[in-house]
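Below, each value reflects all heavy atoms present in this structure, side chains not excepted, and no hydrogens, waters or symmetry copies. As the structure is a computational prediction, the values presented were derived from the model and not from experiment.
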Amino acid sequence: AIKALRRPGDYAMALSSLYTPWVFAYTDFEPTIVPGWLHWDRWNLKMWEEFWLSEKDSRRLELLALYEDHDIYMFTGTHFNIPPNLKKFLENNPHIVKISPHVWKYSPKPALQ
């Protein structure tokens, strides 16, 4: 699903390290952002934990903004139990659009409502 959506300059992100091999291997995205792997990940473990668990969507947007003006396709998979605050963010934030059951697209500019 991610590969079919790729446009030049877009990034792919695995929201769980469980899916790192699949997101990295089955897409031609460069960079691929994954927890704790590869040199494109600008977040440390504390930042990933903030993204997963924070009650503040503003902090999540700050973290995503570290990847500058790139759209990011976030893959959740079926075995990643999305924390409630993150799920709420994915479902309700104007910067996020659900592409498929397991893919969410973040855009630096909010989608039109």
Heavy-atom count around Asn81 CG within 6.0 Å, excluding the residue itself: above 12?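 Not buried by this count: 12 neighbours or fewer within 6.0 Å.
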Mark yes when over 12 heavy atoms from residues, nucleotides or ligands other than Lys98 sit less than 6.0 Å from its NZ; otherwise mark no.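 Buried by this count: over 12 neighbours within 6.0 Å.
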Could you tell me whether the side chain of Lys105 reaches within less than 4.5 Å of the side chain of Ile96, counting heavy atoms only? no
Would you say the side-chain atoms of [X] pair up with the backbone N or O of [Y], donor to acceptor, closer than 3.5 Å?
X	Y	value
His102	Phe75	no
Ser107	Pro110	no
Asn92	Lys88	yes

[atom2] on [Y] to [atom1] on [X], rounded to 0.5 Å:
X	Y	atom1	atom2	value
Met74	Asp71	CE	CG	10.0 Å
Phe51	Met13	CZ	CE	5.5 Å
Ile82	Leu15	CD1	CG	7.0 Å

Just to verify, what does [X] make a salt bridge (Lys or Arg N to Asp or Glu O under 4.0 Å) with, not counting sequence neighbours?
X	result
Lys109	none
Glu68	Arg42
Glu91	Lys87

Pair Arg60, Leu86 - check side-chain contact (heavy atoms from CB on, under 4.5 Å), show working. CA-CA 9 Å; Arg60 287 187 180 90; Leu86 178 55; 3.7 Å; yes
Set of residues satisfying side-chain hydrogen bond (donor to acceptor under 3.5 Å, both in side chains) with respect to Asn44, sequence neighbours excluded: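 side-chain hydrogen bond (donor to acceptor under 3.5 Å, both in side chains) check on Asn44 returns nothing, list empty.
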Non-neighbouring partners of Glu50 that pass side-chain hydrogen bond (donor to acceptor under 3.5 Å, both in side chains), sequence neighbours left out: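 Expected list: Arg59.
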Step by step, work out the side-chain contact (heavy atoms from CB on, under 4.5 Å) result for Tyr106 and Leu90. CA-CA 9 Å; Tyr106 159 80; Leu90 293 173; over 6 Å; no
Do the ring centers of Tyr73 and Trp104 come within less than 6.0 Å of each other? no
Exercise: identify the closest heavy-atom pair between [X] and [Y]:
X	Y	answer
Pro101	Thr76	O-OG1, 4.3 Å
Asp57	Asn85	OD1-O, 4.4 Å
Trp43	Leu64	CZ2-N, 3.8 Å

For His70, all residues meeting ring-ring contact (aromatic ring centres under 6.0 Å, His included), sequence neighbours excluded: Tyr11
Aromatic rings Trp52 and Trp48: how do their planes relate, parallel, tilted or perpendicular, breaks at 30° and 60°?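 The arrangement is tilted - the two ring planes meet at 30° to 60°.
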